[in-house]
Every structure is written in structure tokens, then in C-alpha cells.
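Convention: sequence-line order gives letters A, B, ...; per-chain numbering from 1.
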Amino acid sequence: MRNILAIAGKELRGYFASPIGYVLVGFYALLFGWFFYTLVAFFERQSMQMAMGGQGGSLNINQMLVAPLLMNATVIMLLVFPLITMRTYAEEKRSGTMELLLTSPITDWQIILGKFIGALGLYAAMLAVTVVHMGVLFVFGTPEWKPIATGYLGLLLMGGSFLSLGLFISSLTRNQIVAGMITFSVFLLLWVINWVSSFVGPTAQAVLNTLSVTEHFDDFAKGIIDTKHLVYYLSFIAMGLFLTMKSVDSERWRG
Amino acid sequence: MIEVDHLSIRYGPFTAVDDVSFRVESGQILGFLGPNGAGKTTTMRIITGYIPATSGRATVAGYDVFEQPLEAKRRTGYLPEVPPLYPDMTVREYLTFVAKIKGLRSHIRDRVDEVMKRTWVADMADRHCAKLSKGYKQRVGLAQAIIHNPDVLVLDEPTAGLDPRQIIETRQLIRELAGTHTIVLSTHILPEVSQTCQRVVIINKGRVVAVDSPENLTSRMQGASTIFVQADGPVADVQSTLQNLRGVTRVSSADPRTGPATFEVDAEKGVDVRREIASSIVSRGWGLLEMRPLRMSLEDIFLSVITEEPTAPPGAPGAAAGEDQVAEATHA
């Protein structure tokens, strides 16, 4: 465990010792803030219209604002995560520090988990900034906190899935650009894989819907924790880390 | 302390290391000598557990590096060819991190300070690794290798890229460490081996071609002694006179640049022909301008060992023949 934390700490310090961490957190906050602003403006107009129309009751802020906001936040993930993961292994291989890690008395699992937790920590820092926006909602409105919490849980799980996959792709190459491009393409494919579901047969449709990373996020954004989705994300993470481990191991044999 | 037993590693049809065996006793310094691409780095990477071998065994402090990698790695410090530094970390941060992953649990701060002092990098403690000079990088790499006080140190070209003063200091440090650590170091700088190592392994094309102490290697290869002679007289006459002396096996004209009548005289092993050479030349009325024994430098030995390799297996009695081949090649 100490070894895992040592690696995770090294990764996190690596992000924030260079501009990488600050740029990622800062621009994530900028994009999230923009989405927040547009959605709030839209929500405001909708509420106004409803009040003018004389209909009773008010709009559900969770459904109308928070859920779409979190969905938008996942799009940023799609674009930003390849940048986080593309260097994790590629950089270590290029600078020769892989040799230090692999000749130290730590297991491959500890290295991989450390790197994964480090990247997840950076993502958590990015998400932490958005708590401010949610705070604004609580000051001026009365949203329910539980669907927001599950939404964040969903974001973390989805992020973890992408990070583990990105880690694996990074472990395949010593070239960061190659790692970044492949990661982005695979992410995007997983994103849009169910767009064709209406043209294919019902079986294929079910399969594609199950594979799609976004499909599983919807329920979290609505405030539902379904074990089906939990299992999907957790096994996705496990598979990504397992593949990374195999890739690192096979790299040794190939020299 | 280190035992390498019939180690081979193949990448497809290419054999990088071929049946390498040697052992290093506790507290010794072993020099690993060979041309670039001979398999030095590959062998070291196997010993440190970075890559697995195709066949054979390697043990460090009694632990098999394949079967008990964590135990073996805990007792091994490794300086790769390129010091494995994180450019964004300061020297102190870096060494602290290495101490943690090497398994140090307490007094990390003190140990980092101690090691920085020992490798003369304390004045750069808060400098980022990326901004260090080549010499400092190399020494931080050395600090990283000794931070957990390992039994075994594996150093891949520890003095590469250092300036002459730093090379001397680094060699000094390595010799100091030898008492408490067992050291394997690779180099292609030959004097380094004779100055620091007690044993030498010469490796070429993945095979061990010689294992011995530098002194033994020198005397063994010097089976037949060679004497350089310059005489003031007719070249052909001098040559035939020398040729006829007892104990002389061969006379060849030396490099013409060194003078008109210059010869290299090979004598039988154990026979000192200098007295005969001097008196025969002087008694004929020629002048003896120069006479000195030609010592084989480690460079010559190294060259002859790796040249003879296809014809004679290591340690076989064909060594002298191989040496002659080299001698002829140089005269041609």
C-alpha cells in the first residue's frame, strides 16, 4: 500500500510540479463554468416563461440543470483524458525511469495502481473545482443533493474507466502523440458506438448499448445507482488495469 | 554474492546474451568489458530484474532474480546507462521518492542527506533534475543506486560523460563502496578496469571470452614477450643477426616511422634475450640506439581476446596463436 501511495504521490506531484496540472484544472473549470452559465441562463428563461404563462409549480432544477450539466461535463472528459494518460507510461519509457521502477522492489500491480490513483487524483482535483458551481445552486435554489452526489459518483466511475483504458494504451507505446491519438479515437468510438443501434438488429442493439460508456452514465445523472452500471464501470476499470499489467509484462519479454 | 549461471537471452533468431556464467564474491568489484552491443547492458538488466532471461539463472545475495524478484531487488542498486531521473523533481524530492519505493520506511530524510553528501550533490539538493549538468545527473543516479544501502551495486558505465576530475572522484567513490557492497560495473574505458576492478569479464557478441583479474589477464596474454629494438646498422644484416639469436622466435620490422632499423623481437616465453641482443649488436660495431620491452596494454589484450574469439574458446591454449594473428594484422 505504501508503495502504491508513493507512486500515486509521485504522479500527482508530477502533474503539479509542471504546468500540466494547473492548465488541466484551470481550463476544465473554464469549460465547466461556460456550460454552467449557459444551462443556468436557459433554465432561468424557462422558469420565467412558466411563471409568465401562469402555470403553477416550478421546474425541477436537478432534472433541468444538474443532469444535463453533468452530461456536458463528460464531454470534456472525452477530450481532456487522452492528454492526462498519454504521458503516464510513454514518458517513463522515454526518459528511462521505467528502468528505475521495474528494478525497484515493488510489483507491477503497485506501479499500475499507483499511476491509476494518481491520475484519478488529478481528475478529482478537476471535479473539486466544480463543487463551487453546485454551491451556487444551493445558495440560490433548492436542488436535491442526492442526485448530485450520484452524478459525481458516475463521473468518477466513468473517468476511472477512461483512465484505465488510457493507461493501457499509453503502456503500448513510447510515443506520446501516438498514445494520445489512439486513446482519443478509442474513447470517441466507445462514446458513439450505440449511434448505429437503431439500424442494427435488436441483439446487436442491446450489445452496442451495453458497450457504450455514455449509456451507463444516464442513470447516475438521474440519481439512480443501478448495480448493472456499477458492475459495468468497475469491470471496465479492472479490465483496463489488467491489460496494462499484461502489456508491461510482455514489454519485458520483448526487451 | 552474485552468481550468473548459463544465462542466455534470445529475441527471435537474435541471441543477445549467449550462455554467460560468472560469479562475484562479496565485496569485490567486477568489471564488465566489451565493445558496444556486446551484451553488457542486457546482462546487467537481467541481474537487476528489469528483463527476464530466456534460459539460465541469476542470483543476487542468494535470491534468484526470477523466483524471488522482490527480495533480490531489495538488495540491488542499479544505475542504468542513462540516469533514470524525473526532470520535474528536485534532487531531494527525487531521492526521497526512490528511497520510498526501494522500501525505506524510516529516517528517509537523514538517509537522503547522507547519500547526497556522499555523492557530492548536496549543493544541488533543491535544483530540478532537468537543470543538472551531465556530471551531476550521473552522480544523482549513483546516489539513487546506493540510497537503500544495497548489498549489490550494478553500475552501467558510471563514469560516462564525466569530466576527468569527476571520473577520478567517481572511481574513488566506487572503490570506497566496494568494501561494503559487491559491485558490477560495465565500461568500455579500459584503464578504468585496471584501476578499479579486481576481476574482469570480457564479453563479445554475447559470449564471455575471458574472466580473470586484470593482472593475470595481462601476464597471461603476455606469454611471449616482445622487445622493441632500434639499431644503427644495415637493416637486412641486423635483422638476420637478431633472427639467429637463441630464444628469438620472430623478428619483424617495426613501424618505419619510428626510425630506419627498428624491429620488434618476439622471444620464447620466460627467456630474457635482452643481453644477447645488446651484445650481438654492439660486437658487430653497430650502435644500439634503443631497446625496451613492449608491454601489452589492456587495449591490446582486449583486442586480441575479441579477435581470437571465433577460433579459440575462452581459456583454451590457443591464446598465444590468437595474439600472433593480431600482431601480424597490425604489422600488415
With a 4.5 angstrom heavy-atom cut-off, is it the side chain or the backbone of A:Q110 that approaches chain B, or both, or neither? neither
Tell me the residues of residues 57-81 of chain B whose non-hydrogen atoms fall below 4.5 Å from those of chain A, in number order. B:L70, B:K73, B:R74, B:Y78, B:P80
Let me confirm one number: the CD1-OG1 distance from A:I111 to A:T244, rounded to the nearest 0.5 Å. 12.0 Å
Among A:N3, A:T103, A:I7, who wins on heavy-atom pairs under 4.5 Å with chain B? A:T103
Parallel, tilted or perpendicular for A:W34 and A:Y37, by the 30°/60° rule? tilted
Tell me, for B:V154 versus chain A, whether the close heavy atoms (under 4.5 Å) come from the side chain, the backbone, both or neither. neither
Chain A contact via B:F97 - which portion, at a heavy-atom distance below 4.5 Å: side chain
Does the plane of the ring in A:W191 sit parallel, tilted or perpendicular to the ring in A:F162? Use 30° and 60° as the thresholds. parallel
Pair A:K93 + A:E251, salt bridge at N-O below 4.0 Å: yes
Please classify the contact between B:A53 and chain A as side chain, backbone, both or neither, with a heavy-atom cut-off of under 4.5 Å. backbone
Pick from A:G96, A:A6, A:S104, A:S95 with the largest number of heavy-atom pairs that fall under 4.5 Å of chain B: A:S104
Salt-bridge test for B:R207 and B:D19: reply yes if a basic N is under 4.0 Å from a carboxylate O, no otherwise. no
Main-chain N/O of B:Q166 paired with B:E169 side-chain donor or acceptor, under 3.5 Å: no
Among A:E92, A:R13, A:M98, the residue with the most heavy-atom pairs under 4.5 Å to chain B is A:E92
Between A:E91 and A:R94 (salt bridge meaning N to carboxylate O under 4.0 Å), is one present in this structure? yes
Between B:D163 and B:K134, does any side-chain N to carboxylate O distance fall below 4.0 Å? no
